[in-house]
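What follows is a set of notes on a single structure, which appears directly below.
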Amino acid sequence: MKKKVILDVDTGIDDALGILLAVRSGEMDVLGITTVNGNVSLHQATLNTCKILQLLQMENEIPVVKGANKPLMRPTFFEHRVHGKDGLGGALKDMPVHTKVLEGHASDFIVEQVRRHQGEVTLVMTAPLTNLALAVMKYPDLIHQVKEVIVMGGVVQGFGNVTPTAEFNMYVDPEAAKIVFQAGFPNLTLVGLDVTRKALLTDDHIQALGDSPIGRYVKESTAEYMQRYYERNGVRACALHDPLAVGVALNKQLVTTHHYYVDVETKSELCDGQTVCDFQNRLSKAANVHVCTEVSADDFLELFIRTLRA
């Protein structure tokens with residue numbers, strides 16, 4: 001029985017790799033892919049998503065639905081420095097797009113699918129949480145009808161990747177993240193930089209993918225990202241942030257989690273978007289998030305390479 005999944009993406013380089021992993025795994029019934037502004041504009045994220053589905057020859061099998069074109073309360077904030085002008089590091093730039101995008105709004109699609117398959121749908125959120133926040137506001141019972149929510153975002157024990165304290169997805173729309181964290185989801189897992197920074201794709205891994213259309217795509221799309229990562233961190237690699245969230249949806253044993261109360265800062269001059277984890281229960285609030293603290297990085301990377309080679 002395949003796991004019913006909706007992927008919510010702002011398709012940049014690592015979202016695309018997450019889509020590849022989800023579809024190629026053969027273990028997921030991807031009900032749809034919803035798009036949102038984040039790494040790139042909503043239009044570009046949608047275009048990139050369609051290209052990845054065409055690369056997979058799945059454009060007629062998996063619907064794509066547009067969502068929010070800006071954060072709930074803030075201006076857009078894109079990450080072209082990392083993902084390139086087009087979000088895919090220049091890969092697939094000449095691919096014509098013929099995939100049809102489904103009519104409607106991503107938040108409504110999420111609500112519709114969760115209501116149709118109550119207790120069965122896993123939401124894998126690898127973008128700012130605007131679409132899910134809108135869905136919760138429109139249909140509060142969503143929290144009881146979804147199977148689980150897996151969020152790539154935040155960092156609880158380390159430093160941010162867009163400010164000293166904030167991870168990108170949280171920084172772009174912290175108000176949406178606060179709504180999602182405080183909504184009351186019984187099963188919400190946070191896959192943050194604490195673990196994704198340990199899941200590093202290297203040149204050796206890319207070579208192991210072989211000379212296939214997907215292997216060539218991964219090599220081209222990650223080249224500039226890897227150079228940027230080297231300049232910042234002294235290691236030539238591509239952090240598999242979003243694919244790890246998909247990996248957790250495939251196999252929870254890849255990570256160690258602890259149940260904590262987590263909130264998001266929205267009113268700070270220096271710390272907007274910071275995920276604040278109450279490790280010592282100093283706020284005396286009920287735990288609301290299963291926080292990933294450790295990852296079996298080698299096992300995940302082996303899964304990632306094996307799946308994309310298949």
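- Here the CG atom belonging to Asp263 is positioned 8.5 Å from the CG atom belonging to Leu283, to the nearest 0.5 angstrom.
- Put simply, the side chain of Asn251 never gets that close to the backbone of Val248: no donor and acceptor are under 3.5 Å apart.
- Of the charged side-chain nitrogens involved, at least one lies within less than 4.0 Å of a carboxylate oxygen, so that Asp108 and Lys138 count as a salt-bridged pair.
- Met125 pairs in a side-chain contact (heavy atoms from CB on, under 4.5 Å) with only one of the listed residues (Asp8, Asn169, Thr34), which is Asp8.
- Summarising the geometry, atom CZ belonging to Phe78 is positioned 8.5 Å from atom CZ belonging to Phe168; distances are rounded to the nearest 0.5 Å.
- Not one N or O on the side chain of Arg236 forms a donor-acceptor pair closer than 3.5 Å with the backbone of Tyr229.
- Proximity of Val276 to Val262: side-chain heavy atoms (C-beta onward) are nowhere separated by under 4.5 Å.
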With side-chain contact (heavy atoms from CB on, under 4.5 Å) as the test, would you mind laying out the steps for Thr11 and Ile19 before giving the verdict?
-> CA-CA 9 Å; Thr11 302; Ile19 294 169; 3.9 Å; yes

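- Ile150 and Leu123 fall into different hydrophobic clusters, where Ile, Leu, Val, Met, Phe, Trp and Tyr residues are linked whenever their side-chain heavy atoms come under 4.5 Å apart, directly or through other members.
- For the atom pair Leu55 CG and Met58 CE, the distance stands at 12.0 Å (nearest 0.5 Å).
- A donor-acceptor contact shorter than 3.5 Å is absent between the side chain of Thr165 and the backbone of Gly160.
- Between Lys285 and Asp278 there is no salt bridge, since none of the side-chain N atoms of the basic residue sits less than 4.0 Å from a carboxylate O of the acidic one.
- Within a 6.0 Å radius of CD in Glu231, other residues, nucleotides and ligands contribute more than 12 heavy atoms.
- Donor-acceptor pairing under 3.5 Å is lacking for the side chains of Glu175 and Thr266.
- Looking only at side-chain heavy atoms (C-beta outward), Asn187 and Val149 stay at 4.5 Å or farther from each other.
- In this structure, a donor-acceptor pair under 3.5 Å is absent between the side chains of Gln207 and Asp203.
- Side chains of Glu148 and Leu188 form no contact here, defined as non-hydrogen atoms less than 4.5 Å apart.
- Tracing side-chain contacts under 4.5 Å through hydrophobic residues (I, L, V, M, F, W, Y), one never reaches Val97 starting from Tyr217; they form parts of separate clusters.
- Tyr171 meets the ring-ring contact (aromatic ring centres under 6.0 Å, His included) test with Phe77; sequence neighbours excluded.
- Counting heavy atoms from C-beta outward, Tyr260 and Val156 have side chains that stay 4.5 Å or more apart.
- There is a side-chain donor-acceptor pair under 3.5 Å between Asp173 and Thr130.
- Considering Thr46, Asn39, Thr126 as possible partners of Asp10, the one that fulfils the side chain to side chain donor-acceptor pair (under 3.5 Å) test is Asn39.
- Two different hydrophobic clusters hold Leu42 and Val40 under the rule that ILVMFWY side chains link at heavy-atom gaps under 4.5 Å.
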Walk me through it: do Leu21 and Phe300 pass the test side-chain contact (heavy atoms from CB on, under 4.5 Å)?
-> CA-CA 11 Å; Leu21 177 60; Phe300 167 67; 4.0 Å; yes

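- With sequence neighbours excluded, no residue satisfies ring-ring contact (aromatic ring centres under 6.0 Å, His included) with Tyr225.
- To the nearest 0.5 Å, atom CG of residue Leu132 and atom OG of residue Ser107 are 9.5 Å apart.
- Linking Ile, Leu, Val, Met, Phe, Trp and Tyr whenever their side-chain heavy atoms come within less than 4.5 Å puts Leu303 and Leu56 in one cluster.
- Val9 and Leu102 are not part of a single hydrophobic cluster, where members link through side-chain heavy atoms under 4.5 Å apart.
- For the atom pair OG1 of Thr307 and CD of Glu302, the computed distance is 8.0 Å after rounding to the nearest 0.5 Å.
- In this structure, the side chains of Val289 and Phe185 stay at 4.5 Å or more apart for every pair of heavy atoms.
- Summarising the geometry, atom CG belonging to Asn131 is positioned 7.0 Å from atom OG1 belonging to Thr35; distances are rounded to the nearest 0.5 Å.
- Residue-environment remark: NE2 (His259) exceeds the threshold of 12 foreign heavy atoms within 6.0 Å.
- Classification of Glu294 and Lys198 as a salt-bridged pair holds, one side-chain N sitting under 4.0 Å from a carboxylate O.
- Using a 4.5 Å heavy-atom cutoff, the side chains of Val101 and Cys50 are in contact.
- A salt bridge does not link Glu167 to Arg197: none of the charged nitrogens lies less than 4.0 Å from a carboxylate oxygen.
- More than 12 non-hydrogen atoms from other residues, nucleotides or ligands lie less than 6.0 angstrom from CZ of Phe279.
- Glu220 contributes no side-chain N or O that, together with a main-chain N or O of Gly89, makes up a donor-acceptor pair within less than 3.5 Å.
- Although no hydrogens or angles enter the test, the distance criterion places a donor-acceptor pair under 3.5 Å between the side chain of Ser41 and the main chain of Gln44.
- Here the side chains of Ile6 and Ile33 are not in contact, with every heavy-atom distance at 4.5 Å or above.
- Judged purely by distance below 3.5 Å, without hydrogens or angles, the side chains of Thr189 and His290 never pair a donor atom with an acceptor atom.
- Looking at Val264 and Gln274, their side chains never come closer than 4.5 Å, going by heavy atoms from C-beta outward.
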